[in-house]
Every structure is written in structure tokens, then in C-alpha cells.
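Accompanying notes for the structure given below.
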Amino acid sequence: MYELKTKETDVSVIEFIESVDHPKKREDAYRLLDIFTEVTGYEAKMWGPSIIGFGKYHYKYETGHEGDAPLAAYSPRKAKISLYFAPGDDREQLLQQFGKHTTGKACVYINKLADVNEDILKALIQQTIDFLQKTYPDA
């Protein structure tokens, strides 16, 4: 049976942020903690060794694969900051106004918080929560 690697842990979010090497990235991680907490209304929890997540939902795919994941999350990684957003209807339009970023399937990558519009960031977080709560009503 497949074992999920990214699970909620009891590791301290503050201790994790304090372990971020680069001072500016650490400062951005604290600012993101404030923004995500404000928008989601959830307490931050560590998911796996390096993802800071807010809220939780349970998903189950048609393949039978299922698990829990944070509703919204970010990770201050060495190269870039990863922001985890759901695909939702407004995502592409919001990203056009977001600022300097690159995208992956579910991740949006930024170098630093100063490169992006914080109001659009808040809208992306809210859009993600709305999409996931609509898609997974038990969230």
C-alpha cells in the first residue's frame, strides 16, 4: 500500500522558519505565515519536513488513492519559495496580475515576496480554499 510522505506533523512551525538559512527568505517566511493565517483563519502546521500548511481536507481519487492535504500551504525552499494553490477557475487570471513567478502543476514559485502583489496573493489563497472546500465538502 502506498504511504503518503507529506503528513501533518507536530514539528514547530517557528522552529522550522528559524532554521531557514537565508535571512531575507526567513523574513518572507514569517510574513507569509501572517498572510496565510489571516486569510485562512487556520493555525499553521508542518506537513512533512518542509511544508507549512493551513487547514486540511481529505481527498479520494477514482483510482482509490486517498489522503489528507493542507488546504493552502507554502515552503521557503533554498532556491525559491513554493506556494501551493489549487487549480480553480480564477487562478490563471489572478496569476497574470501576481508579479514575478513561475508555475508548476500545483505550485507557484517566487524568489521573494517583494516580487509579487500581496493582495493578489491573498486572493489566490482564498480562491484555493474556496475551490477545495467546494470540491471536497468535508474540508
Side-chain angles (χ1 to χ4, degrees):
M1 174 118 184
Y2 175 76
E3 177 79 17
L4 279 176
K5 291 179 189 157
T6 307
K7 295 182 192 171
E8 189 176 326
T9 71
D10 291 330
V11 173
S12 164
V13 171
I14 299 301
E15 285 180 24
F16 170 70
I17 292 174
E18 282 298 316
S19 75
V20 172
D21 285 340
H22 195 276
K24 183 63 181 145
K25 195 158 282 177
R26 190 176 329 115
E27 183 182 313
D28 281 353
Y30 276 117
R31 179 69 187 127
L32 285 166
L33 179 63
D34 290 342
I35 292 168
F36 274 77
T37 301
E38 173 192 328
V39 174
T40 68
Y42 291 106
E43 178 185 352
K45 300 279 188 177
M46 289 302 300
W47 285 75
S50 62
I51 296 174
I52 301 168
F54 300 81
K56 175 169 41 174
Y57 71 99
H58 186 81
Y59 61 86
K60 186 170 186 176
Y61 299 136
E62 289 178 12
T63 61
H65 176 80
E66 64 182 298
D68 294 318
L71 285 167
Y74 72 95
S75 181
R77 303 199 186 271
K78 245 184 192 21
K80 294 182 183 269
I81 297 170
S82 300
L83 305 167
Y84 299 88
F85 299 131
D89 299 334
D90 300 328
R91 177 179 154 157
E92 291 311 311
Q93 183 180 0
L94 288 167
L95 286 175
Q96 289 175 10
Q97 307 165 57
F98 188 45
K100 189 176 174 186
H101 71 280
T102 55
T103 57
K105 188 172 183 176
C107 289
V108 173
Y109 305 99
I110 62 172
N111 289 320
K112 58 188 182 288
L113 205 47
D115 288 343
V116 299
N117 180 317
E118 284 191 20
D119 290 332
I120 300 298
L121 171 61
K122 291 175 183 179
L124 282 160
I125 296 166
Q126 188 61 59
Q127 179 269 321
T128 292
I129 300 249
D130 293 346
F131 174 83
L132 290 171
Q133 286 179 332
K134 186 172 84 181
T135 306
Y136 305 96
D138 295 335

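Atoms considered below: every heavy atom in the structure, side chains included; atoms not considered: hydrogens, waters and symmetry mates.
Within the 4.5 Å cutoff, the side chain of Lys45 has no heavy atoms near those of the Thr9 side chain. No side-chain heavy atom of Glu18 sits less than 4.5 Å from a side-chain heavy atom of Glu15. Considering only heavy atoms from C-beta on, Ser75 comes within 4.5 Å of Tyr84 through its side chain. Here the side chains of Arg77 and Ser50 are in contact, with some heavy-atom distance below 4.5 Å.
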Residues Tyr59, Leu132; criterion side chain to side chain contact (heavy atoms under 4.5 Å, CB included); working and verdict
CA-CA 9 Å; Tyr59 61 86; Leu132 290 171; over 6 Å; no
Apply side chain to side chain contact (heavy atoms under 4.5 Å, CB included) to residues Glu8 and Asp68 and explain how you reach the verdict.
CA-CA 9 Å; Glu8 189 176 326; Asp68 294 318; over 6 Å; no
Decide side chain to side chain contact (heavy atoms under 4.5 Å, CB included) for Gln133 and Leu71; before the verdict, give the C-alpha distance in whole Å, the side-chain angles of both, and the deciding distance to 0.1 Å.
CA-CA 8 Å; Gln133 286 179 332; Leu71 285 167; 4.0 Å; yes
Residue pair Arg31, Glu118: steps toward the side chain to side chain contact (heavy atoms under 4.5 Å, CB included) verdict:
CA-CA 10 Å; Arg31 179 69 187 127; Glu118 284 191 20; 2.7 Å; yes
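Between the CD1 atom in Ile51 and the CE atom in Met46 there is a gap of 8.0 Å [rounded to 0.5 Å]. Rounding to the nearest 0.5 Å places CG of Leu124 at 11.0 Å from CG of Asp119. Taken from CD in Gln126 to CG in Leu94, the straight-line distance is 11.0 Å, to the nearest 0.5 Å. Distance check: Arg91 CZ to Phe98 CZ gives 10.0 Å after rounding to the nearest 0.5 Å. Rounding to the nearest 0.5 angstrom, the gap separating the CG atom in Asn111 from the NZ atom in Lys24 is 12.0 Å.
Residue Pro87 comes nearest to Phe131 through the heavy atom pair CD-CE2, 3.9 Å, listed as atom of the first residue, atom of the second, then distance. For Ala86 against Thr128, the heavy-atom pair with the smallest separation is N-OG1, 3.1 Å. Across all their heavy atoms, Ala73 and Gly53 have their closest contact at CB-CA, 3.8 Å.
Using a cutoff of 4.0 Å between basic side-chain nitrogens and carboxylate oxygens, Asp28 and Lys25 are not scored as salt-bridged.
Side-chain heavy atoms closer than 4.5 Å link hydrophobic residues (I, L, V, M, F, W, Y) into clusters, and following such links, even through other members, never connects Val20 to Ile35. By the rule that hydrophobic residues join a cluster once side-chain heavy atoms approach within less than 4.5 Å of another member, Tyr30 and Val13 end up as members of one cluster. By the criterion of side-chain heavy atoms lying less than 4.5 angstrom apart, applied directly or through intervening Ile, Leu, Val, Met, Phe, Trp or Tyr residues, Ile120 is grouped together with Leu113 in one hydrophobic cluster.
Ring-plane geometry between Phe54 and Tyr74 is classed as parallel, the angle between the planes falling under 30 degrees on a 0 to 90 degree scale with a further cut at 60. Ring geometry for Phe85 against Phe36 counts as parallel: the plane angle stays under 30°, on a 0 to 90° scale with 60° as the upper cut.
Within 6.0 Å of the NZ atom in Lys100, the count of heavy atoms belonging to other residues, nucleotides or ligands does not exceed 12.
When Leu83, Ile17, Thr37 are each tested for a side-chain contact (heavy atoms from CB on, under 4.5 Å) with Leu32, only one passes: Leu83. The side-chain contact (heavy atoms from CB on, under 4.5 Å) test with Ile110 singles out one residue from Leu121, Thr102, Val116, and that residue is Val116.
Looking at His101, its side chain never comes within 3.5 Å of a backbone N or O of Tyr109 through a donor-acceptor pair.
The salt bridge (charged side-chain N to carboxylate O under 4.0 Å, His left out) check on Asp21 picks up Lys78, with sequence neighbours excluded.
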